[in-house]
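So the structure is just underneath, and the comments pick up after that.
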Amino acid sequence: MTDGAPGIPALPSIPSRPSSPPHQGTGPAPGKGKGTEPGKDPGKGPGKDPHPGKGPEPGKSSPPGKDPAPGKDPAPGKDPAPGKGSEPAGKPGGEKKDDHPPRVPAGSSWTRPVTMQHVRVSQRYGVKGNWAAGHHTGIDLAVPTGTPVHSVGSGTVVFAGNAGAYGKAVTIRMTDGKYTLFAHMSKISVKAGKRVHAGTPLGHSGNTGRSTGPHLHFEVRAKRGYGSDIDPVRYMAGHGVRLP
């Protein structure tokens, strides 16, 4: 499935907001399809869909029913951006109750955002498209609605709420200074200001915002603002974790 908006909360402001299609429920062929568009970050209050060119404002949590204001990014304080995004995988299902955090090997401080085996990638990072950033800013993991989502490492939640095209999203400022963004969730179980660690439950995956099907859009940003995204696969590999 694809995201209607980019996945990680970006802090930087976003360019003019182009119209972008919602994420697809099935993964596009390599080189095709669209992914979450950056533009708004889940770190800030609700406004308009984080389609390319705009993103949620950091520092503010979007009130329910509202989308992050355009022109702002989902970076720290701001969350996901606009456009297109992760493709959901699997069939949507009822939300599951919060599961226990995944087991993290002794001495390990990093883990995957979802612990399901054989997770399909419905949209890769960097795929060219008409997103504000010109490419898919995160990676879309096709998982059913209700799949438990966890923090990949230690940090502080800077945004938790509605982020326009990113839907319900959570943005975390990691201890290494980077920002991780989890978008299109069906339920959020943390609040801004909460300290988290590898495996801390954040909520459940879903199909909210601009999305064509259930999936989790996972994005990593060098800064809180939209457009500062970095390859999430390389980032996690640098911490000893393989995605998906």
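Side chains are part of it too, since the values below use all heavy atoms of this structure and drop only hydrogens, waters and symmetry mates.
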Which residues satisfy the side-chain hydrogen bond (donor to acceptor under 3.5 Å, both in side chains) test with Arg195, sequence neighbours excluded?
Thr156
Test side-chain contact (heavy atoms from CB on, under 4.5 Å) on Asp229 and His135 and set out the steps.
CA-CA 10 Å; Asp229 54 278; His135 62 272; 2.9 Å; yes
Thr115 side chain near Thr147 side chain, heavy-atom distance below 4.5 Å:
no
Should Leu243 and Tyr125 be counted in the same cluster of Ile, Leu, Val, Met, Phe, Trp and Tyr side chains packed under 4.5 Å apart?
no
Is there a side-chain contact between Ile139 and Arg124 in this structure, where contact means two heavy atoms from C-beta onward sitting under 4.5 Å apart?
no
Taking the side chain as every heavy atom from C-beta outward, state whether His184 and Ser211 have any atom pair closer than 4.5 Å.
yes
Are any of the side-chain heavy atoms of Val149 and Met185 separated by less than 4.5 Å?
yes
Could you tell me if the side chain of Met236 sits less than 4.5 Å from the side chain of Phe218, heavy atoms only?
yes
Under 3.5 Å, is there a donor-acceptor pair between the side chain of Ser186 and the main chain of Thr145?
no
Donor-acceptor pair, side chain of Thr208 and main chain of Gly167, under 3.5 angstrom
no
Pairwise side-chain contact, Leu216 with Pro113, heavy-atom cut-off 4.5 Å (strictly under):
yes
Taking C-beta and beyond as the side chain, do Trp110 and Met174 meet within less than 4.5 Å on heavy atoms?
yes
Scanning both residues in full, the closest heavy-atom pair of Thr111 with Ser151 reads CG2-O, 3.5 Å
Heavy-atom closest contact (Val190 atom, Val157 atom, distance):
CG2-CG2, 4.1 Å
Got a sec, which residues hit side-chain hydrogen bond (donor to acceptor under 3.5 Å, both in side chains) with Ser154, two or more places apart in sequence or on another chain?
His197
To the closest 0.5 Å, what do you measure between NZ (Lys128) and NE2 (His136)?
13.0 Å
If I compare all heavy atoms of Val121 with all of Pro244, which pair ends up nearest, and what's the gap?
CG2-CG, 3.8 Å
Ignoring hydrogens and angles, tell me if any N or O in the side chain of His118 forms a donor-acceptor pair with the backbone of Met116 under 3.5 Å.
no
Considering only heavy atoms from C-beta outward, does the side chain of Val114 approach that of His150 to under 4.5 Å?
no
Tell me, please, which residues at least two apart from Asp176 pass side-chain hydrogen bond (donor to acceptor under 3.5 Å, both in side chains).
Tyr235, His239
What one should report as the nearest heavy-atom pair of Pro201 and Ser189 is O-OG, 3.6 Å
Residues Lys168 and Ile188: closest non-hydrogen pair is CB-CD1, 3.9 Å
Point-to-point distance, once rounded to the nearest 0.5 Å, from CG of Leu141 to CD of Gln123:
11.5 Å
Nearest heavy atoms of Asp231 and Val233, plus distance in Å
OD1-N, 2.9 Å
